[in-house]
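Scope of the values below: all heavy atoms of this structure, side chains included, with no hydrogens, waters or symmetry mates. The model shown is predicted, which means the values in this text are computed figures rather than measured ones.
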Amino acid sequence: MNFNRSFSVTAIALILVSGSVFAQVKRKPTPSPKQKPTAAAKQLQGNILPVDKDVLIGKLPNGLTYYIRHNEQPKNRAELYLVNKAGSILETDAQLGLAHFTEHMAFNGTRDFPKNDLVNYLQKSGVRFGADLNAYTSFDETVYQLPLPTDSAAVFKKGFNILANWAGFVTFDPAEIDKERGVVLEEERLRGRNAQERLSQQTLPVLLNNSRYASRLPIGKDNIIKTFDANTIKAFYNDWYRPNLQAVIAVGDFDVKEVEELIKTNFSGLKNPVGEKPRAQYTVPPTPGTAVKIVTDKEFPYTLAQIVVKHPQIIVTSVTGFMQNMRINLFNYMLSERLNELQQKPEPPFLYGKASYGPLLGKQDAFSAIVVAKPGDLENAIKTMVAQTERARKFGFTLTELERAKQAALAQIQNAYNERDKTNSNNFVREYQQNFLTGEAIPGVLYEYAFYASNISEITLTQVNAMAAKFITDQNRVVIVEAPEKDKDKLPAEKTVLDWVNTAGKNVTAYVDNVTSRPLMENAPEGTKVVSELRDTAIGTTTYVLGNGLKVILKPTKYKNDQVLINGNSFGGTSLASDADFTSANLAAPIISNSGVADFNQGQLDKMLAGKNLHVSPYISDISQGITANSTPRDFETAMQLIYLYFTQPRKDNDIWQGNINQTKSILTNRGLDPGSVFQDTIAAVLGNNNFRSMVTTLPRLSTASLDKAYNFYKDRFADASGFTFTLVGNFEPEQVKPYLETYLGSLPSTNKKEIYKDLHIYPTPGQVTKVVNKGIADKATVQLVFSGTYEFNDANNIQIDALEEVLNIKLTERLREQESGSYAPGVRASYVKIPNGRYTITIYFSCAEANVDKLIAAALEEISKLKQNGALPADIEKFVAEEARSTQSQLKENVFWAGYLAGTAQNGQDPDNILFHVKNLEQITVASTKDAANKYLNTNNFIKLILLPEKK
């Protein structure tokens, strides 16, 4: 288990500000699987936690650490990571940004892989650059990830050579450095050059108390990126990329002893520099009292406040620390539930609010509260948020809240235990990475579940309530307000904000926990039996038809032990709503899904479901309506009950309706300040041929919506179950779930209306269209080139357009990024649909400097022209086929894939068995076929250029 609590909202904001150098923002991993409770977890309170016996940890004579674990999820795959305790915090003033630049250069030439050979080799082995092969640079570390197949011994062994090349043999060819300067600058342009970055440049020195962290953002400084010489970056690499600051992590489907030998062979020759520099540890010094900072930006669309109380970081290494971490998780859960409940009111006091305790930066933890105010209502938002945290500090939580939090925690850990042999290798990698970087304990799968199950009952309300007083103080505190520049004159003074924070909550009273003990359903409905049954042995599915006409496709799997995915849909959707009623109809499903069911409002329903691991949500799209759900096998009946109630007893909640309408109006008020939002609105208009249904709603249209219309439309869409097809994928046996299907799905109302969608002809604007939007103050342009047209939807065409998409991705990355150095992450996105009518869309997208727009558009069109004239290069086809084959092999062992695939084939009327021939059908991709596809789908009969440029000066 990764004991680091989830990042605080402030920490997340900092990561986003720092840009792409944080290429992967880590989510809290699913807790490691566990064994049944034993008395072992109660032994020796306060002692150091044990080390997981299933991971082999070793150290080479040169100081390099390695972690090796055999794990078969996914099968025939391995995750190889190189972790370096070398980040931007170690840069000298002349090296700002070079930790991150070093990461880039690792893909641009090493001893055994000159120039771009590394990426080419891996792509031909089925590893996608960016999606699979990747890296990130942070303040304190740089991490390289390399997922590889293990069923190819040569490729797998080569992976350790690749990691060793990164660890000690990057060449830093001056010509390659010069080529990469533009790429890194474009990365900064893509991730930054926006309101949040400009605001953070003003707030970070305050939040981080002018520490080294405030002046070492990983993205660095433009002037240094443009001018540094090879010796300067080599100095950083030679100083800090050294074996006694490095770890190799290997988790996957392989032989552990063989991997250990591969690590020894490839890494033992690495040497530490003579007279090595000490690896300094930097911190953020505490600040007495409270610092307040108010900042504005022309393009920032919200007014928000952050209150951050900083504390020294605590690394979980002992049983005592583990217990405290459990208390923190319970504390965060209960506080979050209170804030969620507050936002269910008809007049929510703010647009968004969150508060929690977790890691920050610079070896700090923090209690962080963030609140996004409604326009002109900052005072109320701050005071309400502070009042909620003060209520927790003064009065604590209630026993019923704590019990629900414990149930939720146990449900999560139980789920992890049940998946103990199906835990993805990535989860283990993240644990071992934290162990290497911070010393965080890795007690392992057997210990943690036993500890939770044996000790959570020992956590008392007094203990949890005491944490609020410890976390929420007025010392080492920072209050930040960010707002639109147009509201600058309306903002309070810093002293006024501090007064609000210090005085709010003085008259708060204790929280009252309104709970209900009623069951979700008093009696089961009288259902209908299965009237027909059909088995497809090729893909292992069973199809039932129930007495009310509803169809259920079941695919039992063993890919996950504790997961059942459910999806049901029927044709119709908002296409059947009149233009006058569309806005109400479009709001129907989001409102109903947040209003509870039957006599239970959403708050009561949430409390009732605490301790259960399930989620059920209705939806209405443009052409269909349906239910998506997931559950564990033990909670399957409850999921079925909720589905039944969302069909038969949806709840009309005026408070939820009014609250959503008010919040939407508030969000729309300042939407026009953000260049990205303005551009997206233009894209929606052009790609929807100016049909208002495809565009963001407006305040006038919102005013025409009503709860009665939304509720009635929802009920009408779910009034006839006979047209619904449900898919179930996961750990179950058809005969075991059959009674529940007959009872709850078989009892749904059936009128046999045989409805279908309407084709409203909402397609991209035909012909050749160019739309330029001038919005934004930074030198930052965004381009989308869109090709579209009619499409014959079938497997043969689909595979050709998929190949065209990937080949074009490869060529545009080579041309726009590597050759032109004009865009960091150009991309291609192809989509095709059969319903409501056969259509395809291929979109090329990239960002760049304003001056490079025309040049890069011309370069993109030139690459398209080459494809039309010559077809794809055989090497690029080889890359696509390898990547697609590897991807398909993995997907066929995932519940998520099968759930989406079966639902899609059922809706489109396709033969689901075709997936079994997909890899074989890749032989259909040839130079000639890609040439034909390029001419067919990249013609300029319907060609749209959408361009976002800075405002004219």
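Screening Lys920, Arg128, Lys879 against Glu884 for a salt bridge (charged side-chain N to carboxylate O under 4.0 Å, His left out) leaves a single residue, Arg128. Across Asp421, Asn418, Asn415, a single residue satisfies side-chain hydrogen bond (donor to acceptor under 3.5 Å, both in side chains) together with Asn561, and that is Asp421.
Under the 3.5 Å distance criterion, with hydrogens and angles disregarded, a donor-acceptor pair is assigned to the side chains of Gln869 and Ser865. Counting only N and O atoms by type, the side chains of Asn613 and Asp635 include no donor and acceptor under 3.5 Å apart. Side-chain atoms of Asn809 and Glu805 form no donor-acceptor pair, as typed in the model, at a separation below 3.5 Å. In this model, a donor atom of one side chain and an acceptor atom of the other lie less than 3.5 Å apart for Gln641 and Tyr744.
Nearest heavy atoms, Tyr714 versus Tyr646: OH-O, 2.8 Å. For the pair Ile877 and Thr926, the tightest heavy-atom approach, listed with the atom from each and the gap, is CD1-C, 3.5 Å. Looking at every heavy atom in both residues, Pro912 comes nearest to Gln910 through CD-O, 3.2 Å. What you find for Ala721 and Asn548 is that their closest heavy atoms are CB-ND2, 4.3 Å. Looking at every heavy atom in both residues, Asn939 comes nearest to Lys936 through ND2-O, 2.7 Å. In terms of heavy-atom proximity, Asn71 sits nearest to Asn424 at ND2-C, 3.9 Å.
Residues Leu741 and Met640 have side chains in contact (heavy-atom distance under 4.5 Å, counting atoms from C-beta outward). The side-chain heavy atoms of Ser890 and Phe897, taken from C-beta on, include no pair separated by under 4.5 Å. Between Leu892 and Trp898 there is a side-chain heavy-atom pair separated by less than 4.5 Å. The closest side-chain heavy-atom distance from Ile539 to Tyr901 is not below 4.5 Å. The closest side-chain heavy-atom distance from Leu873 to Ile810 is not below 4.5 Å. Side-chain atoms of Phe156 and Asn76, non-hydrogen and from C-beta on, never get closer than 4.5 Å to each other. Using a 4.5 Å heavy-atom cutoff, the side chains of Leu748 and Thr648 are in contact. In this structure the side chain of Gln73 never reaches within 4.5 angstrom of the side chain of Ser425, judged on heavy atoms.
A donor-acceptor pair under 3.5 Å links the side-chain atoms of Gln625 to the main chain of Ser570, judged by distance alone. Side-chain atoms of Ser747 never come within 3.5 Å of backbone atoms of Pro525 as a donor-acceptor pair (strictly under, hydrogens ignored). Without hydrogens or angle criteria, Asn935 side chain to Lys868 main chain gives a donor-acceptor distance under 3.5 Å. For the pair Thr528 (side chain) and Gly746 (backbone), a donor-acceptor distance under 3.5 Å is present. At distances below 3.5 Å, not a single donor-acceptor pair connects side-chain atoms of Thr841 with backbone N or O atoms of Ser831. For Thr150 (side chain) and Ala78 (main-chain N/O), no donor-acceptor pair under 3.5 Å exists by modelled atom type. Using a distance-only test at 3.5 Å, with no hydrogens or angles considered, a donor-acceptor pair links the side chain of Ser694 to the main chain of Asn691. Judged by distance alone, the side chain of His615 and the main-chain N or O of Ala629 form no donor-acceptor pair under 3.5 Å. Panel note: side chain Arg693, backbone Leu760; no donor-acceptor pair is recorded below 3.5 Å.
When the shell of 6.0 Å around NZ of Lys715 is examined, it contains 12 or fewer heavy atoms from other residues, nucleotides or ligands. Counting heavy-atom neighbours within 6.0 Å of Lys866 NZ, excluding the residue itself, gives a total above 12.
The residues Arg634 and Asp562 are annotated as salt-bridged, a charged nitrogen and a carboxylate oxygen being separated by less than 4.0 angstrom. Under 4.0 Å is where a charged nitrogen must lie from a carboxylate oxygen, and between Glu863 and Lys811 no such pair does. The pair Lys555-Asp536 fails the salt-bridge criterion, with no side-chain N (NZ, NE, NH1 or NH2) lying under 4.0 Å from an Asp/Glu carboxylate O.
Here CG of Leu587 is found 11.0 Å from OG1 of Thr574. Values are rounded to the nearest 0.5 Å. Ile553 CD1 to Asn567 CG: the interatomic distance, rounded to the nearest 0.5 Å, is 10.0 Å. If you take CG on Leu146 and CG on Leu80, they are separated by 5.0 Å, rounding to the nearest 0.5 Å. Of the inter-residue distances, the one linking Tyr544 atom OH with Leu534 atom CG reads 11.5 Å to the nearest 0.5 angstrom. From Leu808, atom CG reaches atom OH of Tyr937 across 14.5 Å, with rounding to the nearest 0.5 Å. Taking CG of Leu938 as the start and CZ of Phe943 as the end, the distance is 9.5 Å to the nearest 0.5 Å.
Between Phe647 and Phe724, the distance from one ring center to the other falls under 6.0 angstrom.
Relative ring orientation between His761 and Tyr763 is described as perpendicular, the plane-to-plane angle rising above 60° on a 0-90° scale split at 30° and 60°.
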Starting from the C-alpha separation in whole Å, work towards a yes-or-no answer on side-chain contact (heavy atoms from CB on, under 4.5 Å) for Leu804 and Val828. CA-CA 9 Å; Leu804 181 62; Val828 182; over 6 Å; no
Between Val833 and Asn908, does the side-chain contact (heavy atoms from CB on, under 4.5 Å) criterion hold? Intermediate values first, please. CA-CA 9 Å; Val833 297; Asn908 289 322; over 6 Å; no
Would you please test Arg69 and Glu79 for side-chain contact (heavy atoms from CB on, under 4.5 Å) and show each step? CA-CA 10 Å; Arg69 182 192 186 100; Glu79 294 287 338; over 6 Å; no
Quick one, Asp795 with Asp911, criterion side-chain contact (heavy atoms from CB on, under 4.5 Å). Give me CA distance, side-chain angles, the key distance, then yes/no. CA-CA 10 Å; Asp795 289 337; Asp911 182 355; over 6 Å; no
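Partners of Asn586 according to the side-chain hydrogen bond (donor to acceptor under 3.5 Å, both in side chains) rule, which considers only residues two or more places apart in sequence or in another chain, do not exist here. For Asp622, there are no salt bridge (Lys or Arg N to Asp or Glu O under 4.0 Å) partners, not counting sequence neighbours. Partners of Gln800 according to the side-chain hydrogen bond (donor to acceptor under 3.5 Å, both in side chains) rule, which considers only residues two or more places apart in sequence or in another chain, are Ser929. Residues passing the salt bridge (Lys or Arg N to Asp or Glu O under 4.0 Å) test with Asp802: none are found, sequence neighbours excluded.
The salt bridge (charged side-chain N to carboxylate O under 4.0 Å, His left out) contacts involving residues 741-758 comprise Lys529-Glu742, Asp716-Lys753, Arg717-Glu755, Lys753-Glu755, where partners must be two or more places apart or lie in separate chains.
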Please set out all donor-acceptor pairs under 3.5 angstrom arising from side-chain atoms of residues 786-793, sequence neighbours excluded.
from	atom 1	to	atom 2	distance (Å)
Tyr791	OH	Asn797	O	3.3
Tyr791	OH	Asn798	N	3.1
Tyr791	OH	Asn798	OD1	2.6

